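Worksheet: one structure, shown below.
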There are 2 protein chains.
Amino acid sequence: MDDSLCPKFESAFELLGKKWTGLIIKVLLTGPKRFKDISDVIPAMSDRMLSERCKELELSGVVIRHVYPETPVRIEYELTEKGKDLFKVMEEVGKWAEKWGSTCP
Amino acid sequence: MDDSLCPKFESAFELLGKKWTGLIIKVLLTGPKRFKDISDVIPAMSDRMLSERCKELELSGVVIRHVYPETPVRIEYELTEKGKDLFKVMEEVGKWAEKWGSTCP
DNA sequence: TAAATAACTTACCTTTAGTTAGTATTGTCA
DNA sequence: TGACAATACTAACTAAAGGTAAGTTATTTA
C-alpha cells in the first residue's frame, strides 16, 4: 500500500506544527481581534512571536489584517474563509484535549 | 465572555505544535511501524529528530515502544488509545489540506 | 573479511524562539 | 504644558530547538 504522505498534509503541518499558530487561530475563531487582545489571551507568547506569526498567517492566507484609520489607528486580525475552515480541526483538538487532558497516559 | 484558552487545549498544542509530531502520528495511524519505516515515509526528517520525537510521544502516552527480542532485535512504535484517538483530528486536517492545498489564498 | 542494516547517539553549527528594551503615534491626566 | 500610558510594532541580543554529519553496537549478508 501507499503509505507516503500527501504533500498537502505536510504543508498543513508546516503551519499547525509551529509554536503558537494553533493557539492564535483558536483565539481568532471567536471573532476578529486586535494585536493586544490576542496577546492578552496568550500571555506566554511574546509580542515578537505574535507579530511574526501574524505575518506568516497573513501570507498563507489564513488571516486578513484590517487597518481602521481612526485616531488612534485600530488594527484587527480576522480569519479568512480558509482560516475559518480550520474550525473543525480545532473542534476535534478540543475534544481530544478534553478527553485526554494531555501528558499522563 | 470568557475568551481565555483552556489549559488542556494549550497542552494539546505543545504536542501538535512541534515540528514533525503531526506527521509521525499520521504515519502511525496506518499501523505499528519500525523506526526505519517512519523515517522512510518522512525523508526530510533526520534520525535525530525522529528519535527525539518518539521519546516525547512515548512520554506523553501517545505511542508505545515494543521491543521484540528477535535476532536482530525489532522495535516497533504503535499508537496507544490516546494516540489513535487523534484520528479525527488528522482526518479534519486532511480534509482541510485537501480543500485548501495550503499556501495561496 | 568487508560491507550493510537497524536503531540510535554525539558533536557541532545554524535557525528559531525568548527576553528586554526601544520607537512612533496618539490620548489622558494634573 | 509636560509627564505618563496604550497600541502595534521593531531591534538587539541570548537561549533553545533543529539540521548535518559522522560514529556506535550488534548482527547479517556477500
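Keep in mind it's a predicted model, so treat the numbers as computed, not measured. Every chain is numbered from 1, with letters handed out A, B, ... down the list of sequences. Both backbone and side-chain heavy atoms feed into the values below; hydrogens, waters and symmetry mates do not.
- Dashed line: the shortest gap from a side-chain N or O of Lys19(A) to OP1 or OP2 of dG18(C) is under 4.0 Å.
- The shortest distance between the side-chain N/O atoms of Ser39(B) and the OP1/OP2 oxygens of dA7(C) is not below 4.0 Å.
- If you measure from atom CD of Glu52(B) to atom P of dT20(D), you get 15 Å, rounded to the nearest angstrom.
- Whole-Å rounding puts the Asp47(A) CG to dC13(D) C1' distance at 17 Å.
- At a threshold of 4.0 Å, the pair Lys88(A)-Glu91(A) does not count as salt-bridged, since none of the basic side-chain nitrogens sits closer than that to a carboxylate oxygen.
- Taking only side-chain nitrogens and oxygens, Ser51(B) comes nearer than 4.0 Å to OP1 or OP2 of dT9(C).
- Contact annotation: Lys18(B) side-chain N/O to dA16(D) OP1/OP2 distance is not under 4.0 Å.
- Across dC9(D), dT7(D), dC8(C), the shortest atom-to-atom separation from the side chain of Lys36(A) is found for dT7(D).
- Contact annotation: Trp20(A) reaches the phosphate of dG18(C) (side-chain N/O to OP1 or OP2, under 4.0 Å).
- Nucleotide dC8(C) holds its P atom 8 Å from the CG atom of Leu50(B), rounded to whole Å.
- Using a 4.0 Å heavy-atom distance criterion, Arg48(A) is classed as a base contact.
- One finds a side-chain N or O of Arg65(A) lying less than 4.0 angstrom from the OP1 or OP2 phosphate oxygen of dC9(D).
- Side-chain nitrogen and oxygen atoms of Tyr68(A) include none within less than 4.0 Å of the OP1 or OP2 phosphate oxygen of dA8(D).
- Look at NE2 on His66(A): it is 18 Å from C1' on dT7(D), rounded to the nearest Å.
- For Lys8(B) and Glu10(B), the salt-bridge test fails: no basic side-chain N is under 4.0 Å from an acidic carboxylate O.
- Taking 4.0 Å as the cut-off between side-chain N and carboxylate O, Arg65(A) and Glu78(A) do not count as a salt-bridged pair.
- Nearest-nucleotide assignment on DNA chain C puts the 5′-proximal partner with Lys55(B), out of Val73(A) and Lys55(B).
- Going from atom CE of Met49(A) over to atom P of dT15(C) covers 16 Å, rounded to whole Å.
- A 4.5 Å side-chain heavy-atom check between Tyr77(B) and Ile64(B) finds every atom pair outside the cut-off.
- Regarding Glu76(B), its CD atom lies at a distance of 9 Å from the P atom of dA7(C), rounded to whole Å.
- Using a 4.0 Å cut-off, some side-chain N or O of Arg34(A) falls inside it from OP1 or OP2 of dA8(D).
- Look at CE on Met45(A): it is 15 Å from C1' on dT16(C), rounded to the nearest Å.
- Note: CD (Glu70(B)) to C1' (dA7(C)) measures 14 Å, nearest angstrom.
- In this structure, the side chain of Asp37(A) engages the main chain of Arg34(A) through a donor-acceptor pair within 3.5 Å.
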